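Single-structure report; data block below.
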Amino acid sequence: MEERAALTALDGLMDKNCCLIQEIEQGLARLTAAAEQIDVQPDMMPFFSYPLVKDTELIERVMNVLNSTNPSSVTLDEAKADQMLSLTNNMLLLVSSQTPAVKKLINSYSSEVCLDPDTAHPKLIISSERDSATYTDIWQELADLPGRFDTTLNVISLQGFNFGRHYWEVNVTEKTYWELGVTYPTIPRKGTGEECWLGRGIESWCVEFFDGEYTAWHGGVAHQLPVAKHLCQIGILCSFPAGLVTFIEANSTMPLFSFCAGTFSECLHLALCPGHGHNGANTNPIVICKTSNR
């Protein structure tokens, strides 16, 4: 009962915050439209035009404020971005330490996805359920489709998402090399360029595990993660309202890394790379877990 009450309260707060954000955006849009009408048709808006038309400096100040509150025009320097991400991780740590209901809340955002075999590299075997990818040394004779990765060992989900909050868990047990994350459908898929790898271009965000080290990637920038233990299950939470991609350790909900994208420009697909054989040590598949029924 306490868990259900906590979930209800959290959902109510989220809905309330979303409504407040929408009201603020609508108010700003009305103010912007009013300010534009002042410049174009001053006689039609005497209430606004009388005090403002006579003071161009005040008009410029108002427009500067309106422009600065436009999310698409806001820019963050590296220090501020790091502070925001640190704050996000600290908040997640605090919340996850308080109640197990958080895991149920995160799982409530679970979205069913299946892998798209038409995007898989020819050395990946996609299961019949389309929920796992396994590396093979044998090059499969597959049609060279425009959407198929031909160099990087990637596969992406058939489904794409462009609103709301979504969560997936991926099993990486006993693997020595893997990459997983989210990507725009416009990620390059042909050739040997680094932009075809997950996280190396601006189209994707990922966490990579290789030779015992965890690294978060986006835009070709690497972030080493201070994780000492071997993780078995990774959670990926993406929030379109917040513009965040967060990777967590699924069992404990411990945050690993968060990317603050601000605004996503395209739909997002789950992206997986099971990695090569790694001298026979990386033969296990990478598997999408079922979380919706937990």
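Atoms considered below: every heavy atom in the structure, side chains included; atoms not considered: hydrogens, waters and symmetry mates. The structure displayed is predicted, hence computed values, not measured ones.
- Residue pairs that meet the salt bridge (Lys or Arg N to Asp or Glu O under 4.0 Å) test with at least one member in residues 138-147, sequence neighbours left out, are Asp144-Lys190.
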Extract all donor-acceptor atom pairs below 3.5 Å that involve side chains of residues 268-275 and protein atoms in other chains or at least two apart in sequence.
| unit_1 | atom_1 | unit_2 | atom_2 | d |
| --- | --- | --- | --- | --- |
| His269 | ND1 | Ser157 | O | 2.9 |
| His269 | ND1 | Gln159 | O | 3.0 |

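- Partners of Tyr167 by ring pair (Phe, Tyr, Trp, His ring centres under 6.0 Å), not counting sequence neighbours: none found.
- Among residues two or more places apart in sequence or in another chain, the side-chain contact (heavy atoms from CB on, under 4.5 Å) test is passed with Phe257 by Ala216, His223, Leu225, Phe259.
- Residue pairs satisfying the ring-ring contact (aromatic ring centres under 6.0 Å, His included) criterion with at least one member in residues 122-162, sequence neighbours excluded, are listed as follows: His121-Trp139, Phe161-His166, Phe161-Trp168.
- With hydrophobic clusters built from ILVMFWY side chains whose heavy atoms lie under 4.5 angstrom apart, Val245 does not share a cluster with Trp217.
- By the neighbour-count criterion of 12 heavy atoms within 6.0 Å, atom CG of Asn279 is sparsely surrounded, having that number or fewer from other residues, nucleotides or ligands.
- Shown here for Thr152 and Cys196, the closest heavy-atom pair between the two residues is OG1-O, 3.5 Å.
- With rounding to the nearest 0.5 angstrom, the CZ atom of Arg189 is 7.5 Å from the OG1 atom of Thr183.
- To the nearest 0.5 Å, the span separating CD1 on Ile288 from SG on Cys114 amounts to 8.0 Å.
- Between the CD atom of Glu203 and the OG atom of Ser265 there is a distance of 9.0 Å, given to the nearest 0.5 Å.
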Worked verdict on Ile286 versus Leu180 for side chain to side chain contact (heavy atoms under 4.5 Å, CB included): CA-CA 9 Å; Ile286 188 168; Leu180 60 93; 4.2 Å; yes
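- Every residue two or more places apart in sequence or in another chain that forms a side-chain contact (heavy atoms from CB on, under 4.5 Å) with Gln224 is listed here: Glu213, Thr215.
- Asp137 is linked by a salt bridge (Lys or Arg N to Asp or Glu O under 4.0 Å) to nothing, counting only residues two or more places apart in sequence or in another chain.
- The cluster map of Ile, Leu, Val, Met, Phe, Trp and Tyr, joined by side-chain heavy atoms under 4.5 Å apart, puts Leu153 and Val172 in the same cluster.
- The residues Glu112 and Lys290 are annotated as salt-bridged, a charged nitrogen and a carboxylate oxygen being separated by less than 4.0 angstrom.
- For the residue pair Ser239 and Phe264, the shortest heavy atom distance occurs at O-CE1, 3.6 Å.
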Trace of the side chain to side chain contact (heavy atoms under 4.5 Å, CB included) decision for Cys289 with Gln233: CA-CA 9 Å; Cys289 304; Gln233 211 150 291; 3.7 Å; yes
Pair Glu169-Ile234, side chain to side chain contact (heavy atoms under 4.5 Å, CB included): steps then yes or no: CA-CA 6 Å; Glu169 288 183 2; Ile234 307 297; over 6 Å; no
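- Closest approach of Leu231 and Tyr214 over heavy atoms only: N-OH, 2.8 Å.
- Under the side-chain hydrogen bond (donor to acceptor under 3.5 Å, both in side chains) criterion, Asp131 pairs with Ser127, not counting sequence neighbours.
- Sequence neighbours left out, not one pair with a member in residues 255-277 passes salt bridge (Lys or Arg N to Asp or Glu O under 4.0 Å).
- Atom OG in Ser108 sits 9.5 Å away from atom CZ in Arg165 (nearest 0.5 Å).
- Shown here for Lys123 and Gln140, the closest heavy-atom pair between the two residues is C-NE2, 4.3 Å.
- Ile138 shares a hydrophobic cluster with no other residue; no ILVMFWY side chain has heavy atoms under 4.5 Å from its own.
- Summarising the geometry of Leu237 relative to Tyr109, their closest heavy-atom pair is CD1-CD1, 4.0 Å, with the distance given to 0.1 Å.
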Residues Ile187, Leu198; criterion side chain to side chain contact (heavy atoms under 4.5 Å, CB included); working and verdict: CA-CA 9 Å; Ile187 183 174; Leu198 296 181; 4.0 Å; yes
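- Through side-chain heavy atoms spaced under 4.5 Å, either directly or across other Ile, Leu, Val, Met, Phe, Trp or Tyr residues, Tyr177 is tied to Trp197, Phe210.
- Criterion: ILVMFWY side-chain heavy atoms under 4.5 Å apart, direct or through other members. Under it, Tyr184 and Ile202 are not part of a common hydrophobic cluster.
- Rounding to the nearest 0.5 Å gives a distance of 10.5 Å between CG of Leu256 and OG1 of Thr253.
- Trp178 and Ile126 fall within a single hydrophobic cluster, where Ile, Leu, Val, Met, Phe, Trp and Tyr side chains are chained together by heavy-atom contacts under 4.5 Å.
- Tracing side-chain contacts under 4.5 Å through hydrophobic residues (I, L, V, M, F, W, Y), one never reaches Val113 starting from Ile156; they form parts of separate clusters.
- The two residues Arg148 and Ala143 make their nearest non-hydrogen contact at NE-O, 2.8 Å.
- Checking side-chain atoms of Ser204 against main-chain N and O of Gly199 turns up a donor-acceptor pair under 3.5 Å.
- Side-chain contact check for Lys175 and Asn282: at least one donor-acceptor pair (N or O, by modelled atom type) lies under 3.5 Å.
- Every residue two or more places apart in sequence or in another chain that forms a salt bridge (Lys or Arg N to Asp or Glu O under 4.0 Å) with Arg200 is listed here: Glu179, Glu208.
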